[in-house]
Each structure stands twice: as structure tokens, then as C-alpha cells.
Amino acid sequence: MILKPKSFVYAALLAGSLSLGACSIGDGDPLSEAQAAYAENDFRGARIYLLSALKENSKDPAANLLFAKTQLHLGDGVAAEAALKKLEKNEIYAAELPSLMAHALLLRAMPERALALTENPDSTHAALTFWVRAQALLQLDRKDEAVAALTAGLRAAPQDPTLLALRGNYEIDTRNISAARQTATLALKYGPDNLDALLLSGQLALMRQDMTGAKVFFDSALNLYPDSITPLFSAAAVNADLGNVKEAKAGLKRVLELAPGHPVALFLMARIAFDDGEIDRARELIQGSGEALDEVAGVNLLRGEIAYLNGNNEQAIDHLRRFLFDMPGHVQATTVLGHALLATGNAAEAYALVKPAANRATATPQLLNLAAKLGKLQKDPKAGRFAERAVAPEGRDDIALKMTEAGQALAAKQWEKADKIYAELRASGLTSNVIIMNNSALVQLALGEKQKAVNFARAAADLTPDDPNVIDTLGWTLLQSGQDKAEALQLLRRAASLAPGNLEVRWHLANALAANGRASEAKQLIAGLRDFAGKEQQVQIDQLLARL
């Protein structure tokens, strides 16, 4: 299991938004102008032309159909449904209407009604129908059925980039990142100008902490969809992480021009101000937005941080507890809440909160130092190990950069390059860094140095014995090295129990079950993996099934 150093990434807090466009009014036929604007992904402009065309003839079927499609792109299910109802008796569009109406109902948060319209998809509109069906099933939390719908859709339209992008996003949600990368490659191959495909590739780049690569994808999306809110947000977030604050603010300002009072844009403006040290400005933006931000991911973290820095510890505790209820184990929130609890005299509660997070590989030096301090107060004899892990060699400001570079090399299977960087990091005294030791094990395993791999994996597990990702790495290296199949199975069972939704862990466990003669359990576990595995993984799954 590859581990990466964690840092605050603005893009991680972004929510999906509407797609809007810009336009200029021409002197030609409004329907023709609308068609031209629509073809250029200028949906805002197309809408304005279509309103003019429909003013002249409100029953024009071609104008109503294009108006409905435009409104779907803009995220307005109500207006789209109204336009589609005018076409219900039009036989020319009879085959296309159900999928479009289902999409409109989906936008109106009516997944069950949308689902009912996708029962018998027309072959000429199968891609949209299956896309809506899968989305509706996901909204209803019927994930197995959603997977089946996606599989059927890609069987009917294997080159549809929007379906592929949805599959890729689902693979990300189920932590099957290697499969998501392969799916994203296909989505871009068949739809190099497809918005969803570009956004998926940008998201995967973010997950690799490749901010420059993510910016390329988001900028490409903006060039093709200049006023689409999602790439505007994403580009602004990446620019903020890259230190391009001016560009980030300009992007967010554009979002607020297109959608005044948009809560996520306001929140990100406040987050940028806070991270720039403008705490009063951040507080003004948060307070001025009132309840509009209540549903924005991350707002309670920011409110808690502001309250803590202003000495309002009880208020900070309230906000941070609410945030951690939705995001348990979040490192920054846990750290700030631990400090706030300690400040109010609740040291024992603070340690009970902080200790599990400090036992994870992704714990920051700040969290580890807090855990060491709290553990000492609670007379925990093992608290000293937190302080040991928090120590980094002096004068090494390049550590984070080198760790990111090594992680990227590892993800790209550039084993020799990764090995060289990790060796330098270990030699500099970072043998107490769990991420470095864990990933060193994976590199050595790939290079065929099995005993070294096991040694590094055990060292990582000794540092964080309760981290499922680290447990997974140790179990997998033991299994692959052929050293102890029984111990490998025990470890991988524990990793799977701690991270039940992780497909990579489940695949490793299936292999351990097979190696220990538990063929029936292995088959049962594998059954849910194949549909969302990449081609290389599918070959491995088929080979394992053949052996079983």
C-alpha cells in the first residue's frame, strides 16, 4: 500500500457545481446562434439565444429540445423538465426523451423517478441512459446495482468518455486507484475534450500530489469550458496550493460573478485568507456568509481553527467535534481539537482523541509532538515513541519535496529512482518516518529484494502497529516473499477489518486466503473485485481463479 505525506490540498474540499458559460449576442437567427454556442460548450450563451428563439415560437420542438439539453448542462432540472414536457407528443424525439427526462429528475434529487425511466434503454441513447441509471442508483446507495448498470452501459457504449469517467470516479471512491488511472486514460483517449474525463485525470493527479499535472488538466478543461464552475474551482484550488494566490483569487472571483454568493467559492476565499495569516479577514468572510456555508465540507474545521486562535476554546471544540463526526481521524482537526481540549483542562480526553491518530503513518510532526506531550501527562510509558517519530534532521527543508518526488516515482513504477530517493532519506536519519519505511518496503519488493522488503515493512509496522495501510504492506510483503503465509493471512485479515472498503487490501487478502488453502473464501472475496479492476488486475484475478 503506497503511503503519501498528507498536506492541506484546497482541491480536496471542492464540491461538484453547475457548469455555466459566457456569450455575446449576435445578429443572426437565434436558434442557429444557440446551436453554434452549444457546440462551443457556451451553454450560458446558448440559453440566452434560445430564450430569444422561444420568445418568437414557444412551441418550436428543435428549440425546446436544445433548451432542455442546455439546461441540463447548466444543472437546472426544473427548466429542463418543463421544456421536455412540451415534446412528450413529438414522435421524432420519442426515443431520446426518457433519458433526458431522467437526467432532469436526477438533477431535481428524484433518483427513484429517474430510475423508473431507465428500465428499457433505447440503443441509440444507451450511454446517457446507463449514466443516469448508475448515478441514480449511487444516490440511492445501491452500489452493487450501480456497478452492474455501469458495466452494462460500457458494454453497450465502450468508448463513451462520460461513462468511463463515472466509472473512474467510482473506482476512486472504492480506493481502486490503479484501475481508476487506466479508466481515466481510456476516457481521455475516447474523449480528449470531454469535461468529465479531464476532471477525472486532474483529480488523479491531485491524489499523486502532482499539482503541476493537475493544473494542466484543469486549465485544459477551462480552455474548452471557459465558464464551467467545477474546473474554475479546481484550477483555483491548485493555484492556491502552488502559491499562485492571485490566480486563485481571480478564479474564485469569476465563480462568484457566475454564481453570486456561491458558498464553496466564499469558503475557499476565507480558507486562502486564513492560510495567508489574514485571520480577521477569514472570520469576516465566514461570518458574513451566515448559514450559507453550513453544508460546505471543511467549514467547521476553519471555524474551529479561527475560534482556537482567537482564544475561544469552547467554541473551537464545538466546531471541531462536528467536523470530526463527518471526517474521523482528520489530522489537522484532531491536532487543533487536542490543543483546545488541553487548554480547557481536558488532557485525558485530548490524549484519548490524539493517540489513535498519532499511531497512523500520516501523523504530522505537530500531532506527534502533541501526542508525546499529552502521553507524558497521562504517564503513558510508550508516549516517547511519538516524540521520536516527530524528529526530523535540522536544515532539511527539502524533505517534503523529496518524499513527494519519491512517491511519484513509486506510483509510476520507476523503482530505481524511488529506491535512490528513499535511500537518501533513510540515510539522513528519517528511519522513524513511517511513510518512508513503508514505501521503501514496496520498492524493495518490486526490485526482488524480498528480505529487505520484509525488514522495512516490519520497521514501519513497529512504528504504527494499528495503521491498516502499514499492516497491509507487511502482510503483502510476507506473502510475496513466501516467508510466513499464516502470519500474512492474519495481518491481511486485520487490515481488511480496519479498512473494509479498500479494494487493494481485499485483493491482497484474497491471495493470502488462496495461499492458505481457503479457496472458497478467496472466491467469495474476489467475486466483487473483477468488474472494477484494470486490465492487468483482471488478468491476475483470472489467473488466481484458475488456480482455485
Side-chain angles (χ1 to χ4, degrees), residues 1-6 143-144 147 167-185 200 203-204 206-209 329 360-362 407-413 415 418 434-435 437-446 453-454 456-457 460-461 464 466-481 485 487-516 518 521-545:
M1 180 75 62
I2 298 175
L3 295 178
K4 296 179 290 185
K6 300 293 182 181
K143 294 182 180 179
D144 290 342
V147 170
R167 172 178 169 137
N169 279 300
Y170 181 81
E171 288 165 338
I172 289 175
D173 289 342
T174 55
R175 308 305 300 166
N176 195 354
I177 306 304
S178 59
R181 291 195 193 105
Q182 295 180 42
T183 302
T185 300
L200 172 62
Q203 184 180 356
L204 285 164
L206 284 177
M207 295 180 75
R208 299 192 301 272
Q209 296 192 346
R360 293 296 182 96
T362 50
Q408 291 172 350
L410 182 55
K413 298 183 179 181
W415 311 119
V434 181
I435 294 175
M437 301 307 286
N438 180 89
N439 292 357
S440 293
L442 295 174
V443 170
Q444 295 305 315
L445 188 64
V454 172
F456 285 134
T464 54
D466 298 321
D467 190 306
N469 297 318
V470 175
I471 297 168
D472 172 72
T473 296
L474 177 55
W476 185 241
T477 54
L478 282 170
L479 188 66
Q480 293 294 94
S481 67
K485 294 184 292 185
E487 184 185 3
L489 177 58
Q490 181 184 15
L491 288 164
L492 290 167
R493 279 194 191 279
R494 183 160 177 253
S497 69
L498 292 170
N502 192 302
L503 293 183
E504 185 176 356
V505 175
R506 286 166 62 188
W507 166 243
H508 291 168
L509 175 57
N511 278 268
L513 288 166
N516 282 273
R518 299 178 179 269
E521 286 183 70
K523 287 180 181 179
Q524 186 176 359
L525 190 59
I526 289 170
L529 300 179
R530 195 182 190 284
D531 280 345
F532 278 85
K535 289 183 179 179
E536 182 179 340
Q537 291 172 312
Q538 285 181 348
V539 171
Q540 294 173 350
I541 288 171
D542 290 341
Q543 290 173 344
L544 179 56
L545 285 171

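Residue indices begin at 1 and follow the sequence shown. Bear in mind that the values here come from a model prediction, so they are computed numbers and not experimental data.
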Discussion item. Does atom CD (Gln490) have a neighbourhood of more than 12 heavy atoms from anything else shown, all under 6.0 Å?
Written reply: no

Worksheet entry | Any residue meeting side-chain hydrogen bond (donor to acceptor under 3.5 Å, both in side chains) with Arg494, in chain and number order, not counting sequence neighbours | Asp466

Worksheet entry | For the student: nearest non-hydrogen atoms of Pro468 and Ala495, plus distance | O-CB, 3.6 Å

Worksheet entry | Interatomic spacing from CG in Leu474 to CG in Leu479 - rounded to 0.5 Å | 11.0 Å

Practice prompt. Can you measure from CD (Gln444) to CG (Leu442) and round to the nearest 0.5 angstrom?
Written response: 10.0 Å

Response to the item:
Taken in chain and number order and not counting sequence neighbours, the residues that satisfy side-chain hydrogen bond (donor to acceptor under 3.5 Å, both in side chains) with Glu487 are Arg458

Fill in: Test side-chain hydrogen bond (donor to acceptor under 3.5 Å, both in side chains) applied to Thr464 - qualifying residues, sequence neighbours left out
none

Fill in: Heavy-atom pair with the smallest gap, counting every atom of Ala457 and Ala441
N-CB, 3.6 Å

Worksheet item: Which heavy atom in Ala460 sits nearest to a heavy atom in Asn438, and how many Å separate them?
Response: CB-N, 3.8 Å

Worksheet item: Could you state the interatomic distance from OG1 (Thr473) to CG (Leu478), rounded to the nearest 0.5 Å?
Response: 11.0 Å

Discussion item. Could you check whether any side-chain N or O of Asp467 sits under 3.5 Å from a backbone N or O of Asn469, counting only pairs where one atom can act as donor and the other as acceptor?
Written reply: yes

Discussion item. How long is the straight-line distance from CD of Gln480 back to NE2 of His508, given to the nearest 0.5 Å?
Written reply: 7.5 Å

Discussion item. Is the shortest side-chain heavy-atom distance between Val443 and Phe456 below 4.5 Å?
Written reply: no

Response to the item:
When every non-hydrogen atom of Thr183 is compared with those of Glu171, the smallest separation belongs to OG1-OE1, 2.8 Å

Practice prompt. Decide yes or no on side chain to side chain contact (heavy atoms under 4.5 Å, CB included) for Asn176 and Trp507, but give the supporting numbers first.
Written response: CA-CA 10 Å; Asn176 195 354; Trp507 166 243; over 6 Å; no

Worksheet item: Does Lys485 offer a backbone N or O that forms a donor-acceptor pair with the side chain of Asn516 under 3.5 Å?
Response: yes

Worksheet entry | Spacing of OG belonging to Ser497 relative to CG belonging to Leu492, to within rounding of 0.5 Å | 10.5 Å

Worksheet item: Mind checking whether Asn169 and Gln203 have side chains closer than 4.5 Å, heavy atoms only?
Response: yes

Worksheet item: Which distance, rounded to the nearest 0.5 Å, do you find between the CG of Leu410 and the CG of Asn439?
Response: 5.5 Å

Worksheet item: Between Ala522 and Ala514, what is the shortest heavy-atom contact and its length?
Response: CB-N, 4.0 Å

Response to the item:
Correct closest heavy-atom pair for Leu489 and Leu513 would be CD1-CD2, 3.7 Å

